There are 2 protein chains.
Amino acid sequence: MTDATVAQNLKVACSNCNLRELCLPVGFSPDDIDRLDEIVKNRRRVKQGDSLFNDGDPFTSLYAIRTGFFKTSVTTDDGREQVTGFQMAGEIVGLDGIVNEQHSCHAVALEDAEVCVMPFANVESLSREFPVLQRNVHKIMSREIVRENEVMMLLGNMRSEERIAAFLLNLVQRLHTRGFSKTELVLRMSREEIGSYLGMKIETVSRTFSKFSDLGIIEIKQRFVHIKDADALKKICNPQVC
Amino acid sequence: MTDATVAQNLKVACSNCNLRELCLPVGFSPDDIDRLDEIVKNRRRVKQGDSLFNDGDPFTSLYAIRTGFFKTSVTTDDGREQVTGFQMAGEIVGLDGIVNEQHSCHAVALEDAEVCVMPFANVESLSREFPVLQRNVHKIMSREIVRENEVMMLLGNMRSEERIAAFLLNLVQRLHTRGFSKTELVLRMSREEIGSYLGMKIETVSRTFSKFSDLGIIEIKQRFVHIKDADALKKICNPQVC
DNA sequence: CGTGGCCTTGAATAACCTCAATTAAGGTGG
DNA sequence: CCACCTTAATTGAGGTTATTCAAGGCCACG
């Protein structure tokens, strides 16, 4: 269950990156694939708890996560934090910075992480050259918009049990795509961060986990979760099926 | 307060569109500006209550709103609707469709509307040719991501009075950008749609409006709103100032 | 072995929702 | 033009959900 399987020794090159199919387009011609390596300037390590970027930082680059786990969040003037997402290997952060040429959210590593730094100027110039890359960039941004639409549904329409169920299913599904278990996961974030993301207080998060545990739907011990009855979780998300 | 001032007789051409500075990049060279007109294939009228596109429709185009007012929404399997945004002249809808080549939300006209149909293939090919247009497309998508981050803050962290206050300020600010009043507006959406967007029930929306009215912050008669004390609304959004 | 951070649990409270009744507005047909 | 009908919005009373406040437990770490 560690990410050690993903973290391997690789030079800074997309062409032989094991995450390429997650963060870059498929169908690149063999002749052009070397050009793709220009997109990444360098790698950057971020220690657990450190920021990749902060609200207000000038925007220069997008970041592709190689290893580790991030949260992004926005903050109000009066200090309230809203976690806007959790990102794992193969996902892209930093898109918020494009519009005003400065970031409007924070990105913090929830475990030691490594990212590929992609200067946005490189992304744009290569995109003009390679339509398949251009399309990929557009898809990544569109995917983020669609994801946020789903979160709005979660926050606006669902009750706390539905939110937690949807959250767990989403996490485990994404981990499964990356070769991890379909039924077991380790939460990289605190209850507080889960609550912030899902619009609930830490106590409500805890109570909901306990309830699912009592019902035999999950086993939970600290940050380790075993999903014993995924169908039950799905039913909680889609109550009309009952 | 009608949109008649905005709706004028114009041929299908961005180069002389009075909304150009809202939806297209500035700084286009005079030589190239005619090429820009290629981006719009045609115009399309959408009657009040009709869909511009539906969840599941194949994605072909982005739409720039010329006149009228739209809502976008997503729906769960069990029929719950979450309004994800309200869009007015100069704003772009359809970005959700890029990632899966089909739309994942509905766009419905809340009043008779006209949109410029921009086939996405045109957008992409012209973007490769004109970096300033490419940058503009990226900014539009990034802006939408940032906007949704703000909505997540609204839904996840704010109480109902704050949501309504933020909603009114946001609407009137956008209308003001378009030459309308800073203090008066007509709500194009029902209480139900406001509630769906803000994650509250219709009764709570209504009560909150009534409360603001009783406090002398706004005057409200059906869908007409007069903001009498914008500072009070701002204070409600940012309680730390008190 | 003690300390601090994170998590859990309980009881009381507040916010919002549900249900129900009433009022207001807009549209239709006589 | 008015009466009627339908839909939208408001208001009240009571219930539910989630929050707040408070106490205690569990680990990890020095």
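Order of the sequence lines sets the chain letters (A, B, ...), proteins ahead of strands, with each chain counted from 1. Model, not experiment: these values are computed from the prediction.
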Heavy atoms under 4.0 Å, any strand shown: does A:Ser206 hit a base, just sugar-phosphate, or nothing?
base

Identify whether any heavy atom of A:Arg163 sits under 4.0 Å from a base atom; if not, whether one sits that close to sugar-phosphate; answer base, sugar-phosphate or nothing.
nothing

Rounded to whole angstrom units, what separation is found between the [atom1] atom of [X] and the [atom2] atom of [N]?
X	N	atom1	atom2	result
A:Leu198	D:dT17	CG	P	18 Å
B:Ile164	C:dC16	CD1	P	11 Å
B:Gln48	C:dG27	CD	P	9 Å
B:Arg223	D:dT7	CZ	C1'	11 Å
A:Glu192	C:dG5	CD	P	13 Å
A:Glu162	D:dT17	CD	P	12 Å
B:Ile194	D:dA9	CD1	P	8 Å
B:Asn157	D:dT19	CG	P	11 Å

Mutual orientation of the aromatic rings belonging to A:His103 and A:Phe59 [parallel < 30°, tilted 30-60°, perpendicular > 60°]
perpendicular

Within 6.0 angstrom of [X] [atom1], more than 12 heavy atoms from elsewhere:
X	atom1	answer
A:Lys201	NZ	no
B:Arg45	CZ	no
A:Glu192	CD	no

Per [X] side chain, nearest of listed nucleotides [options]:
X	options	result
B:Ile202	D:dT10, C:dC7, C:dT18	D:dT10
A:Glu203	D:dT11, D:dA9, C:dT9	C:dT9
B:Gln222	C:dA15, C:dA11, D:dA9	D:dA9

Whichever of A:Lys221 and A:Gly199 has the more 5' nearest nucleotide on DNA chain D, that residue is A:Gly199

The side chain to side chain donor-acceptor pair (under 3.5 Å) partner of B:Thr75 among B:His106, B:Arg80, B:Gln82 is B:His106

Per nearest nucleotide of DNA chain C, the residue lying toward the 5' end, A:Ser210 or B:Met158, is A:Ser210

I want to check one thing: is the phosphate of C:dC16, taken as OP1 and OP2, less than 4.0 Å away from some side-chain N or O of B:Arg207?
no

Would you please confirm or rule out a distance under 4.0 Å between OP1 or OP2 of D:dT19 and any side-chain N or O of A:Thr204?
yes

